[in-house]
Amino acid sequence: MPELPEVETVRRGLEPVMQGARFAAVEARRRDLRWPLPSDFAARLQGQAVTGLVRRAKYLLVDLSSGEVLLMHLGMSGSFRVAHDCGQRTHERTQHLTHDHVVFHMSNGARIAFNDPRRFGSMKLIRRAELEQEPLLRALGPEPLGNAFDAALLAGACAGKKTSLKAALSDQRVVAGLGNIYVCEALYRARLSPKRSAATIATRGGGPNERAQALVEGIRAVLNDAIAAGGSSLRDHKRTDGELGLFQHHFAVYDREGRRCPRRGCGGTIKRIVQGARSTFFCPVCQR
DNA sequence: AAAAGCCCCTGGACGC
DNA sequence: TGCGTCCAGGGGCTTT
């Protein structure tokens, strides 16, 4: 499921119920997520206050009063659902869903359940002082919505690459947070073919060209639009309140094989190809 | 070092 | 209705 807009939507849903609250109790109903949870996982969270909740790429980082950071990734099918432990209709609101693997009971009465059928998601506790050295975060490229991300940076990261532009944008070391959907949609907005060599958005010296600029604008625009819509809901993604994101209704190319290209005057037909064992959707007429 | 495969896991859609 | 097959929004690890 979740790419940057969905993870950001989850972060915004969790923030009001986590920020400033303490972990009153933690249930690790299954410890075999992507990696096993440590045996003292619940004990290290219990009693800690949340002092911050930020997103980095597709990771969520929960700052704890203990000086540790709870690092979480939703994998392909992870989601959070917020309910309340107290109040009437408690039974109905807090019913257990299949694949609720971890449940946080917060001091403010919020019950936060992490649900993940495929268990590609992960949770990890690390010392805040060691965040810089964390292997999962260390190699991540720039935040696409951050100030540092621009055409020069993207062109520099693509210069000399032997891979396709699709593969380069999917590489979290080049730019952090895009996945299969938003790579396809960003390339569409920039009118660039996913098959194009990544190196062609840089000049010989590694500097940016007009394609890099268009791509940066396409990436930022599609991510901002998707966040504003609450992300995309295909199979799994739901917001923390259980509502669906709406951006899937605005896909130009993703999962639209055979449909007419929505660009005015284009008239092309959306095509599906396979790159790196994953589907790519694009318009072969206006994306070059 | 970079790039390409392999694999983790469950469930939904589809064809027969 | 029941099966088998394929596919899915990610990314770490291993192999080339």
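So you know, we letter chains A, B, ... as the sequences are listed, proteins then strands, and number each from 1. Being a predicted model, the structure only gives us computed values, none of them experimental.
- Counted by atom type alone, A:Tyr59 and A:Glu134 present zero donor-acceptor pairs between their side chains at under 3.5 Å.
- Donor-acceptor pairing under 3.5 Å is lacking for the side chains of A:Ser193 and A:Arg288.
- In this structure, A:Gln248 contributes its side chain and A:Leu234 its backbone to no donor-acceptor pair below 3.5 Å.
- Rounded to whole Å, the P atom of C:dG11 lies 22 Å from the corresponding atom of B:dA1.
- At the phosphate of C:dG10, OP1 or OP2 sits under 4.0 Å from a side-chain N or O atom of A:Lys58.
- An OP1 or OP2 oxygen of B:dA2 is reached within less than 4.0 angstrom by no side-chain nitrogen or oxygen of A:Lys161.
- In this structure, the side chains of A:Arg263 and A:Arg191 come closer than 4.5 Å at one or more pairs of heavy atoms.
- Separating the CG atom of A:Asp171 from the P atom of B:dA4 is a distance of 11 Å, rounded to the nearest angstrom.
- Residue side chain A:Arg118 reaches the base of B:dC9 through a donor-acceptor N/O pair under 3.5 Å, judged by distance alone.
- Counting to the nearest Å, the P atom of C:dA8 and the CD1 atom of A:Ile181 are 11 Å from each other.
- If you check every strand for non-hydrogen atoms under 4.0 Å, A:Arg272 touches sugar and phosphate atoms only.
- OP1 and OP2 of C:dC7 both lie 4.0 Å or more from every side-chain N or O belonging to A:Ser279.
- When rounded to the nearest whole Å, the span between NE2 of A:His99 and P of B:dG12 equals 9 Å.
- Between A:Gln172 and C:dG10 there is no side-chain N or O to OP1 or OP2 distance below 4.0 Å.
- Checked by atom type and distance alone, the side chain of A:His101 pairs as donor or acceptor with a backbone atom of A:Asp116 at under 3.5 Å.
- For the pair A:Asp116 CG and B:dG11 C1', the computed distance is 12 Å after rounding to whole Å.
- No side-chain N or O of A:Ser232 forms a donor-acceptor pair with one of A:Tyr254 less than 3.5 Å apart.
- For the OP1/OP2 pair of C:dG12 and a distance below 4.0 Å, the side-chain nitrogens and oxygens of A:His73 include no atom meeting the criterion.
- Within 4.0 Å of A:Tyr182, counting heavy atoms only, lies no atom of the nucleic acid at all.
- If you take CZ of A:Arg278 and C1' of B:dC6, they are 11 Å apart, rounded to a whole angstrom.
- Atom P of C:dC6 sits at a distance of 15 Å from the matching atom of B:dC6, rounded to the whole Å.
- Counting only Watson-Crick and G-U wobble pairs whose two distances sit under 3.5 Å, DNA chain B takes part in these stems of three or more pairs: B:2-8 with C:10-16, B:10-16 with C:2-8.
- The side chain of A:Arg119 has B:dT10 as its nearest neighbour among B:dT10, C:dA8, C:dG12.
- At whole-Å resolution of the value, CZ in A:Phe251 and P in C:dA8 are 14 Å apart.
- A residue-by-residue look at A:Thr98 and A:Gly276 shows that A:Gly276 has its nearest nucleotide of DNA chain B further toward the 5' end.
- The aromatic ring of A:Phe120 does not stack onto the base of B:dC9, failing the criterion of a centre distance under 5.5 Å from the six-membered base ring together with planes under 30° apart.
- Closest contact between the side chain of A:Met76 and the listed nucleotides C:dG10, B:dA4, C:dG12 involves C:dG10.
- Going from atom CG of A:Leu33 over to atom C1' of B:dT10 covers 14 Å, rounded to whole Å.
- The CG atom of A:Leu71 sits 12 Å away from the P atom of C:dG11 (whole-angstrom rounding).
- In terms of heavy atoms, A:Val69 sits closest to A:Arg128 at CG2-NH1, 3.7 Å.
- Just one of A:Gln275, A:Glu3, A:Lys166 meets the side chain to side chain donor-acceptor pair (under 3.5 Å) condition when paired with A:Asn180; it is A:Lys166.
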